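Worksheet for the structure shown next.
Nothing here was measured: the structure is a model prediction, and the numbers come from that model. Chain A is the first sequence line, chain B the second, and so forth, proteins listed ahead of strands; every chain is numbered from 1.
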Amino acid sequence: MKRISEFEVFVPAEVGMKVDATLFISDKIRLEEDALNQLKDACKIPTVKKVLATPDIHIGYGVPIGCVVAAEEVIIPAAVGYDINCGMRVLKTNLYAGDIETAELAKSIRRDIPLGEGKENIRLTREEFECVLEEGVKGLYKIRRKDHFVWDFLEKEDIKNVLPLIEDCGSMKGDASAVSARAKERGQNQLGTLGGGNHFIEIQEVVSVKDKKTAGEWGIFEGQMLIMIHSGSRGLGHQIGEDYMSLAKSKNYGEPHPSRELCYIPLNEKEGEEYVKAMHSGANSAFANRHIMSLLVKKNLLFYYPNAEINLLYDVPHNIAKLEEHFGKKMWVHRKGATRAFPGKRMVQTIFEKTGQPVLIPGSMGSFSYLLVGKNENEKSLCSTNHGAGRRMSRTQAAGKIRHRDGKVLKEGAISDEEFRKSMEGITLICENKHTIKEEAPQAYKDIDEVIRVVEGANLAAVVAKMRPLAVLKG
DNA sequence: ATGTGC
C-alpha cells in the first residue's frame with residue numbers, strides 16, 4: 001500500500017488480483033484489515049476493470065460496504081448487497097425548523113409508518129405488487145385503490161414533475177418473473193415501512209449553506225426544515241439477494257470465485273440476465289417504498305401545517321449496479337454503500353444539468369448530515385462518492401452483549417447508556433427497539449466530518465449544505 | 001441489511 005496524498009491510498013495488484021485498488025481515505029480513518037482483504041478479493045474477479053473504496057469503507061458480506069466495483073460481462077450480487085437499492089431521499093419544505101414542533105411531528109409520523117423489522121403496511125394484490133416490481137414509482141401511479149389516503153395523494157401528484165427527481169426516474173427495467181414467490185410474499189405488504197438497522201427518518205435543520213448558488217437552484221436555505229428518509233427494499237430485496245447469491249455459489253462459472261462469499265455470474269448466462277431483472281425489480285420496490293413513505297410524511301406535515309409546501313429534492317440509491325460508460329468503455333458499475341455523484345455534464349437533458357446531481361449523505365444518528373453535488377473531477381471514482389459515515393464498530397461490539405452458549409454475559413457493549421444518552425441530548429429519538437438502538441449510536445460510526453473532508457479533498461463531491469438532526473425515527 | 005443462526 002502506498003499513500004499518494006492526504007486523501008488517497010494506492011493498493012498495487014498482488015497475486016490473483018487483476019487490477020489495482022484505490023482507497024479514498026485519510027490517516028485519521030481506521031481501515032479494518034478484513035475490509036481491505038474484501039476489497040482485494042473484488043480485484044480478483046476475472047473481468048474486473050476498476051475497484052475503489054470510499055472513506056466510509058467497512059466490512060460487508062463478500063465485498064466491503066463503501067466501495068465501487070466495475071466489471072465487464074459479469075454481475076456480482078454481493079457487490080450490490082442484500083438491501084438492493086437501499087438509498088436516501090430528501091424532502092424539502094418552505095418552513096423554518098425553528099417554527100415547527102418537530103417532536104410532535106415525529107410522533108405523528110410514527111403512527112403512519114411502522115418502524116423495525118418484519119413490519120407491513122400498505123397491502124397490495126400480487127398483480128399490483130408485480131406492477132411495482134416492473135415499473136417502480138411509475139407502476140405505483142397505475143394502481144387505483146381507495147382504501148388508504150396514499151392513493152388519493154398519488155392521484156393528485158403530477159407524475160411528470162416527480163419522476164425526474166428520482167435517480168433512474170424511480171423506474172428500472174424490472175421483471176417480476178425473475179423474482180421468486182418467496183421474495184414476493186415477503187415484500188408484498190411492506191411498502192410504506194421503514195425497516196431496521198441503520199434505516200431512519202430524520203427531521204433536520206439546514207445549519208449552513210456552503211454553495212449558495214447550487215443551494216438556491218435547489219431551493220435550499222439556512223434554517224430550513226428538511227426531512228431525510230433512509231430505507232430500502234426490505235424483505236423482498238433481501239430474499240432476491242439470498243436467492244441469487246446461493247444460486248451463484250451453487251454454480252461453477254469457470255474460474256474459481258474469489259471467496260466463499262464473493263460469487264459473480266456471467267451475463268451471457270441466463271442466471272446473470274435474470275439477476276439483473278430481479279435486481280431492477282428490487283430497486284423498483286425500494287423506490288416505491290421511499291415514495292409511499294414520503295406521502296405518509298407529507299400527510300402528517302399538512303395535518304399540522306395545512307399551508308406548508310413539501311417537495312422531493314432528490315432520491316438516490318446507494319446499493320445498486322448500473323451499466324455506465326467510463327474511460328470510453330461500458331461497464332457494470334456496482335456501488336455498494338456508495339452513491340452515484342454525477343456532475344452536470346453527465347446529467348444532460350435533466351433538471352440537474354446546470355448544477356450536477358444532488359448527493360445525499362447522512363451522518364450517524366445524532367450527527368450532521370450533508371447535501372453535496374457531483375464534481376467534474378470525479379471520473380477517477382467512476383463518478384461515485386460515499387454513502388454515509390460508515391461503521392467503526394460492529395453491532396455486537398457497540399451495544400450487544402456477547403453471550404456464551406450457557407447464556408452468561410461475557411462482554412458488555414463498548415458504549416455505555418450514559419455515553420449514548422449524552423450524544424443524543426437535544427434530539428427527539430423515537431425508536432421501536434430500545435434494546436438494539438445503541439448499535440446505531442454515533443460512537444459506533446466514523447466521524448462524518450472527517451469522511452466529508454476526504455470526499456471534498458479527493459474531489460469526489462462538493463458540500464452544498466450541512467444539516468443537524470432535530471428528531472429521528474428508528475427501527 | 002434481514003420474519004437476523006447450528
Side-chain angles (χ1 to χ4, degrees), chain A residues 35 38 56-67 76-89 114-121 123 179-201 229-246 260-262 278-279 281-283 285-287 289-290 293 316-321 334-339 362 364-365 387-391 393-407 431-433 435-440 444-445 474-475:
Chain A
Q38 287 183 331
D56 51 349
I57 181 174
H58 59 105
I59 300 167
Y61 181 84
V63 169
I65 295 155
C67 85
I76 314 152
V80 171
Y82 277 106
D83 192 358
I84 296 166
N85 191 5
C86 182
M88 304 298 311
R89 168 179 279 238
L115 314 174
E117 291 158 8
K119 297 287 163 56
E120 301 193 331
N121 195 3
R123 306 188 75 81
V179 178
S180 69
R182 193 170 179 204
K184 288 175 195 168
E185 272 154 33
R186 286 181 68 175
Q188 190 164 326
N189 298 323
Q190 285 196 315
L191 293 188
T193 63
L194 183 71
N198 60 4
H199 291 166
F200 66 82
I201 296 172
I229 299 173
H230 178 207
S231 188
S233 49
R234 313 284 291 100
L236 173 96
H238 190 268
Q239 190 61 46
I240 293 171
E242 206 174 301
D243 290 342
Y244 282 91
M245 279 188 238
S246 71
R260 193 185 60 82
E261 292 181 354
L262 177 50
M279 175 188 73
S281 306
S285 170
F287 282 135
N289 185 30
R290 293 195 287 273
M293 278 192 276
V316 295
H318 51 227
N319 278 2
I320 195 76
H334 302 69
R335 294 189 179 89
K336 184 183 189 184
T339 311
S364 61
M365 175 172 73
H387 83 306
R391 283 200 163 272
M393 281 181 207
S394 71
R395 290 179 194 283
T396 41
Q397 199 187 349
K401 296 175 170 78
I402 298 169
R403 285 173 193 278
H404 194 256
R405 264 190 293 267
D406 62 12
C431 72
E432 183 71 11
N433 190 340
H435 303 291
T436 55
I437 191 68
K438 272 198 290 179
E439 296 177 0
E440 293 300 317
Y445 282 84
K474 296 279 302 179

- Any donor-acceptor N/O pair, A:His58 side chain to A:Gly390 backbone, under 3.5 Å: no

Donor-acceptor contact present, side-chain A:Ser233 to main-chain A:Ile84, <3.5 Å = yes

**Asked** Which is true for A:Gly197 with a 4.0 Å heavy-atom rule: it touches a base, it touches only sugar-phosphate, or it touches nothing?
**Response** sugar-phosphate

In whole angstroms, the gap separating C1' of B:dA1 from CG of A:Asp243 amounts to 15 Å

Atom CD of A:Glu432 and atom P of B:dG3 are separated, to the nearest Å, by 13 Å

Worksheet item: Heavy atoms under 4.0 Å, any strand shown: does A:Gly237 hit a base, just sugar-phosphate, or nothing?
Response: nothing

Original post:
Using a cut-off of 4.0 Å on non-hydrogen atoms, how would the nucleic acid contact of A:Gly235 be classed: base, sugar-phosphate, or nothing?
Top reply: sugar-phosphate

To the nearest angstrom, the CD-C1' distance between A:Gln190 and B:dG3 comes to 8 Å

Open item on the list: With a 3.5 Å distance limit and no angle check, can you tell me whether A:Gln190 reaches the backbone of A:Lys119 through a side-chain donor-acceptor pair?
Closed with: yes

To the nearest angstrom, the CD1-C1' distance between A:Ile65 and B:dT2 comes to 13 Å

Atom CD1 of A:Ile320 and atom C1' of B:dA1 are separated, to the nearest Å, by 14 Å

query: So, A:His230 versus A:His387, ring centres under 6.0 angstrom or not?
result: no

Separation of B:dT2 atom P from A:Glu185 atom CD, nearest Å, is 18 Å

Whole-Å distance, A:Phe200 CZ to B:dA1 C1', equals 15 Å

Notebook entry, point to check: Hey, is the side chain of A:Asn319 poking within less than 4.0 Å of OP1 or OP2 on B:dA1, counting only N and O atoms?
Noted result: no

Select base, sugar-phosphate, or nothing to describe what A:Glu120 touches, counting heavy atoms under 4.0 Å on all strands.
-> nothing

Margin query: With a 4.0 Å cutoff (strictly under), does any side-chain N or O of A:Arg186 reach OP1 or OP2 of B:dT2?
Written below: no

- Task: Verify the contact: side-chain N or O of A:Arg395 to OP1 or OP2 of B:dA1, cut-off strictly under 4.0 Å; return yes or no.
- Result: yes

| message | Please tell me if A:Gln239 has a side-chain N or O lying less than 4.0 Å from either OP1 or OP2 of B:dA1. | response | no

ask   = With the threshold set at 4.0 Å, does a side-chain nitrogen-carboxylate oxygen contact exist between A:Arg391 and A:Glu440?
value = yes

In whole angstroms, the gap separating C1' of B:dT2 from OH of A:Tyr61 amounts to 13 Å

